[in-house]
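What follows is a set of notes on a single structure, which appears directly below.
By convention here, the first residue in the shown sequence is residue 1.
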Amino acid sequence: QLSKTLFHTGKASKSMCDDGKGHLLVGHIYEGMSVVDKKNRLIRHYRHEKHNPRSVPGNNVRSILTDHKGRIWVGTNQGLALFNPTLGEFTAFPFSKDNATAKGLNVHKLIETKEHQLWIASDMGGISVVDLTQFDRSGRLEYKKIDNSNSNISSVSTRSIAQDKYGNIWIGSHNTGIDFLSFGKPAFGILPFHDSKGNLKRVYGLT
């Protein structure tokens with residue numbers, strides 16, 4: 001659906017991303033995604049279609065990302081998809097059953113790290129990580145999960161992610177504040193040493 005306007009979609013927006021090719025990608029809260037052609041002042045709008053597997057997976061588009069290869073990733077309330085602007089089609093990548101519940105498909109934020117990893121923050125699904133270099137080779141998207149079953153992340157209701165200039169990852173959650181993941185391993189590890197009652201024991205020497 002094309003409309004010639006002054007860049008006004010008339011729909012509440014949640015996210016935006018410039019593809020570097022003259023287009024602005026706009027994610028809407030309930031109305032899918034729009035692609036704005038800034039030169040020609042045209043807007044093409046995409047909504048989820050129940051019987052069309054190539055439509056945007058969900059109409060709540062919270063995060064849009066252009067990766068190092070220029071690919072466009074779209075995070076929605078019904079999962080992750082790769083957008084083909086030439087064909088106007090979306091390829092959905094469902095979470096595997098052991099990676100997230102149905103609620104975990106509710107994506108809130110996408111980032112690409114310096115290591116070319118796609119980090120996905122989702123509601124009740126924790127963090128999912130995709131190695132984009134592996135995706136380049138195989139064309140398959142394999143998720144690695146970070147949740148309370150394999151880490152000390154404070155909440156699986158994650159909302160935002162950021163990587164600082166040192167490579168550290170910061171995760172914002174819905175109800176527990178901020179988690180910090182260090183890029184480098186600490187120089188020292190603490191090994192708790194308890195007695196039969198669970199109290200820490202004093203250590204006076206090592207051999």
Side-chain angles (χ1 to χ4, degrees), residues 1-96 99-112 118-130 132 135 141 143 155-162 171-175:
Q1 180 182 0
L2 283 174
S3 59
K4 195 165 185 177
T5 72
L6 296 176
F7 301 147
H8 179 61
T9 64
K11 299 171 175 60
S13 303
K14 185 70 174 180
S15 57
M16 284 188 287
C17 176
D18 193 310
D19 70 353
K21 300 176 182 178
H23 302 95
L24 186 67
L25 309 162
V26 183
H28 304 295
I29 298 177
Y30 302 114
E31 297 292 334
M33 188 180 86
S34 295
V35 178
V36 179
D37 186 327
K38 294 183 286 184
K39 180 179 180 181
N40 297 318
R41 294 178 177 268
L42 295 174
I43 297 174
R44 187 178 294 274
H45 184 60
Y46 300 91
R47 280 183 55 87
H48 174 68
E49 301 171 18
K50 186 176 181 180
H51 301 293
N52 181 5
R54 291 295 183 178
S55 67
V56 62
N59 283 324
N60 193 342
V61 179
R62 294 196 181 93
S63 189
I64 307 172
L65 169 76
T66 303
D67 70 12
H68 67 288
K69 293 281 190 178
R71 293 171 297 216
I72 300 170
W73 299 93
V74 180
T76 79
N77 61 314
Q78 292 296 324
L80 177 71
L82 189 59
F83 176 59
N84 185 326
T86 303
L87 299 176
E89 295 180 346
F90 296 79
T91 301
F93 292 94
F95 289 92
S96 60
N99 183 68
T101 63
K103 290 183 179 179
L105 294 173
N106 198 3
V107 175
H108 279 266
K109 183 66 177 179
L110 305 173
I111 70 162
E112 182 183 6
L118 181 65
W119 282 56
I120 306 159
S122 62
D123 186 45
M124 300 303 293
I127 301 292
S128 295
V129 181
V130 173
L132 291 177
F135 178 72
L141 209 66
Y143 295 103
S155 173
V156 292
S157 294
T158 54
R159 291 292 186 271
S160 58
I161 318 172
I171 300 171
S173 73
H174 175 63
N175 52 3

Contact check, side chains of [X] and [Y], non-hydrogen atoms, under 4.5 Å:
X	Y	value
F90	L82	no
L25	I72	yes
R71	T66	no
K69	L132	no
N84	T91	no
L118	L141	no

Nearest heavy atoms of [X] and [Y], plus distance in Å:
X	Y	result
D18	K38	OD2-NZ, 2.6 Å
A92	P57	CB-CG, 4.1 Å
V26	S13	CG1-OG, 3.3 Å

Between [X] (side chain) and [Y] (backbone), is there a donor-acceptor pair under 3.5 Å?
X	Y	result
D123	N106	no
S63	L110	yes
E112	H68	yes
N59	R47	no
S173	T158	no

- Message: Tell me whether the rings of F93 and F135 are parallel (<30°), tilted (30 to 60°) or perpendicular (>60°).
- Response: perpendicular

- Between H28 and H45, what is the ring plane arrangement, given parallel below 30°, perpendicular above 60°, and tilted in between? tilted

Report the distance from atom [atom1] of [X] to atom [atom2] of [Y], rounding to the nearest 0.5 Å.
X	Y	atom1	atom2	value
K109	L65	NZ	CG	8.5 Å
L24	C17	CG	SG	8.0 Å
R159	N175	CZ	CG	8.0 Å
S160	I171	OG	CD1	9.0 Å

- Message: Testing the 3.5 Å rule here: is there a donor-acceptor pair between the side chains of S34 and R44?
- Response: no

- Query: Should W73 and I120 be marked as a side-chain contact (heavy atoms from CB on, under 4.5 Å) after you check the CA-CA gap, both sets of side-chain angles, and the distance that decides it?
  - Reply: CA-CA 11 Å; W73 299 93; I120 306 159; over 6 Å; no

- Derivation of the side-chain contact (heavy atoms from CB on, under 4.5 Å) call for D19 and F83: CA-CA 11 Å; D19 70 353; F83 176 59; over 6 Å; no

- Centroid-centroid distance, H108 to H174, less than 6.0 Å: no

- Item | Stepwise side-chain hydrogen bond (donor to acceptor under 3.5 Å, both in side chains) test for T76 and R62 | CA-CA 6 Å; T76 79; R62 294 196 181 93; over 6 Å; no

